[in-house]
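Values in this document were obtained by computation on a predicted structure and should not be read as measured data.
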Amino acid sequence: MFTLPALLFVLTYLQPRPAGLFPDAERTRLVAYWNNPERFKVSLPADAKQKGLWQVRLTPEGSLWLWKYQNALGVGKVAPTTDFTKVAPQAAEWKAWLDKKVDFDYWKAQTAADSANQAILASSQPDNTAPTIPPPATGSKPIPPDPGTIPDSLLALVGNPPSFANAITPLQHSITFEDGDLLTYKDNIQVGNPRYAYYRFPQGVVSYGLPLKRLPDSELTPIFEGAGFAPNELKVAKAVSILEGGFDSINTYDTGFVSVGFIQCITASDGRGSLVQVLAKEKTEKPADFDKDFRQYGIDVSVDGTLTVVDPGTGAELTGNDAVMKVIDDKRLTAVFQHAGRKSLAFRVAQVQIARSVYWPANDPVTVTINGKPVKAKVADVVKSEAGLATLFDRKVNRGNIKPIDDLLTKIAVKYKLTSLSQIAQYERELVQGLKYRTDFLADTTLSQPPNPDSPTEKQEPSTDDSASR
């Protein structure tokens, strides 16, 4: 007879594994496929000789602190290329200290990288087998000033910051599929903005893919028309996709966790984001293509709409956040998404279908206060140009919403003493200027533009409240 502890052990650990999406035989096949030595290789990056084995990067911990600081300032989410500290003039003392801290941390990290690279150079063999290391990057630069003590008010607001930079050794990951498609990634990517607040995963990678603007209209038009896009809407989607990538773009280093495709649909942390909706769409409408694009490589969507993957190394079936993190960690799974974006018409169509259903702004509701009364409408009632739709599409793709459109509409109505939606629509240009996010689509000559107001109210003296244009 079993003792009570033994019985508990049997009940807890020796029960059959719950049925998952991938049977044992399939998981065994996947491990064998992915562990073929020719399938996956890790090496030094191609630029190691020019940049050194040790290089400087923003730390994820520093980026997270910057994100907390950004939110504490009430700045909200800003365009990724923007230095948010420049739009918070009320924090001049904090900004002065932070600027010194960032510069000093990067200098220390570069000094450490230079020292390590020079040590490698000094130990090079006579046959020159070691990489050629460049001279120290810090040699000709003055030592930046020590930032000194953090202001007490900043410490109380956000907490003690970590180092914003460190020296790392990036690695190159190469994946070869059975059809010969070779995909290569470098981890520990270098973000251009040292105050970038969305860097989370140093093991993450990025590949921008083939921009839609480089694909012929004969290839793009049927995809977009099949998803319900009119020809002018296709122009808008192409303009915004330049900021995101192509059907085969992928990013696994930031707050989207795994972002894929021409408008960067995401898994989110729980594996239930818009990218998983894309997968589910393809699985439902083109099951044979889905099996070829994803299932055969160990990626699927559960019945409840959650990302599920097979660990290429162990064969374990993972779901939700575990699955998301495995895609970020293991570049073999990362490559599956890009491979599908390069090869699969069905995956491209599913991307466009979900983009329209989730991100297209034309039918989004808006509320504007006219003569003290709220008037409900939709975006298309006040935004009619391609440049205007591109501005809102960009905001919705990158931020998830089109705020603060209601406030801006109301301010325009008050500013010019307008009494109807049709009058407000004449001021679309001013509205779009206030909603500009990552780029100025009003300067894009390939898109139709909102007209300049032609009513007499245009000549009124503008209000001293210029918040609508900020």
Side-chain angles (χ1 to χ4, degrees), residues 16-36 39-40 175-179 181 183 185 204-205 247-252 256-262 264-355 357-358:
R17 187 177 67 89
L21 292 178
F22 294 88
D24 291 347
E26 191 167 5
R27 291 185 298 112
T28 299
R29 176 192 64 79
L30 284 163
V31 170
Y33 174 83
W34 283 122
N35 285 283
N36 180 334
R39 191 75 59 216
F40 180 47
I175 301 91
T176 304
F177 288 86
E178 70 281 356
D179 61 4
D181 195 18
L183 295 173
Y185 308 103
V205 299
F247 289 119
D248 58 334
S249 68
I250 189 160
N251 166 11
T252 62
F257 286 76
V258 179
S259 307
V260 175
F262 84 104
Q264 293 286 275
C265 288
I266 65 171
T267 60
S269 62
D270 60 358
R272 298 175 65 88
S274 54
L275 174 58
V276 186
Q277 295 179 45
V278 173
L279 298 180
K281 187 77 171 178
E282 183 182 356
K283 182 177 181 179
T284 299
E285 299 191 358
K286 298 288 184 179
D289 291 295
F290 180 82
D291 287 347
K292 180 180 178 182
D293 295 340
F294 295 101
R295 171 81 189 201
Q296 71 160 325
Y297 300 119
I299 296 177
D300 209 333
V301 180
S302 67
V303 175
D304 68 348
T306 305
L307 180 69
T308 302
V309 306
V310 173
D311 185 330
T314 68
E317 183 173 314
L318 308 172
T319 189
N321 178 259
D322 290 338
V324 171
M325 293 309 303
K326 181 53 63 174
V327 175
I328 295 172
D329 292 339
D330 198 313
K331 310 310 178 288
R332 290 170 289 190
L333 294 177
T334 303
V336 172
F337 289 94
Q338 188 164 36
H339 181 257
R342 288 162 63 115
K343 302 286 184 175
S344 172
L345 175 61
F347 184 47
R348 292 180 172 190
V349 170
Q351 286 185 38
V352 177
Q353 289 173 325
I354 296 301
S357 65
V358 175

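A donor-acceptor pair under 3.5 Å is formed between the side chain of K283 and the backbone N or O of V301. Not a single donor-acceptor pair under 3.5 Å links the side chain of T308 to the backbone N or O of T319. Looking at R332, its side chain does come within 3.5 Å of a backbone N or O of W34 through a donor-acceptor pair. Within the 3.5 Å criterion, the main-chain N or O of V31 finds a donor-acceptor partner in the side chain of N35.
Between R27 and D24 there is a salt bridge, since at least one side-chain N of the basic residue sits less than 4.0 Å from a carboxylate O of the acidic one.
Inter-residue side-chain proximity for R342 and L183 is flagged as met; some heavy-atom pair is nearer than 4.5 Å. The closest side-chain heavy-atom distance from I250 to H339 is not below 4.5 Å. Residues F177 and D179 form a side-chain contact, since some pair of their non-hydrogen atoms from C-beta on lies under 4.5 Å apart.
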Does the side-chain contact (heavy atoms from CB on, under 4.5 Å) test come out yes or no for F22 and R295, once each step is laid out?
-> CA-CA 9 Å; F22 294 88; R295 171 81 189 201; 3.5 Å; yes
Run the side-chain contact (heavy atoms from CB on, under 4.5 Å) check on V309 and V327 step by step: do they pass?
-> CA-CA 8 Å; V309 306; V327 175; 4.1 Å; yes
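Looking at Y33 and E178, their side chains do bring a donor and an acceptor atom within 3.5 Å of each other.
Looking at every heavy atom in both residues, S269 comes nearest to F257 through CB-CZ, 3.3 Å.
Side-chain rings of F294 and F337 approach one another, their centers coming within less than 6.0 Å.
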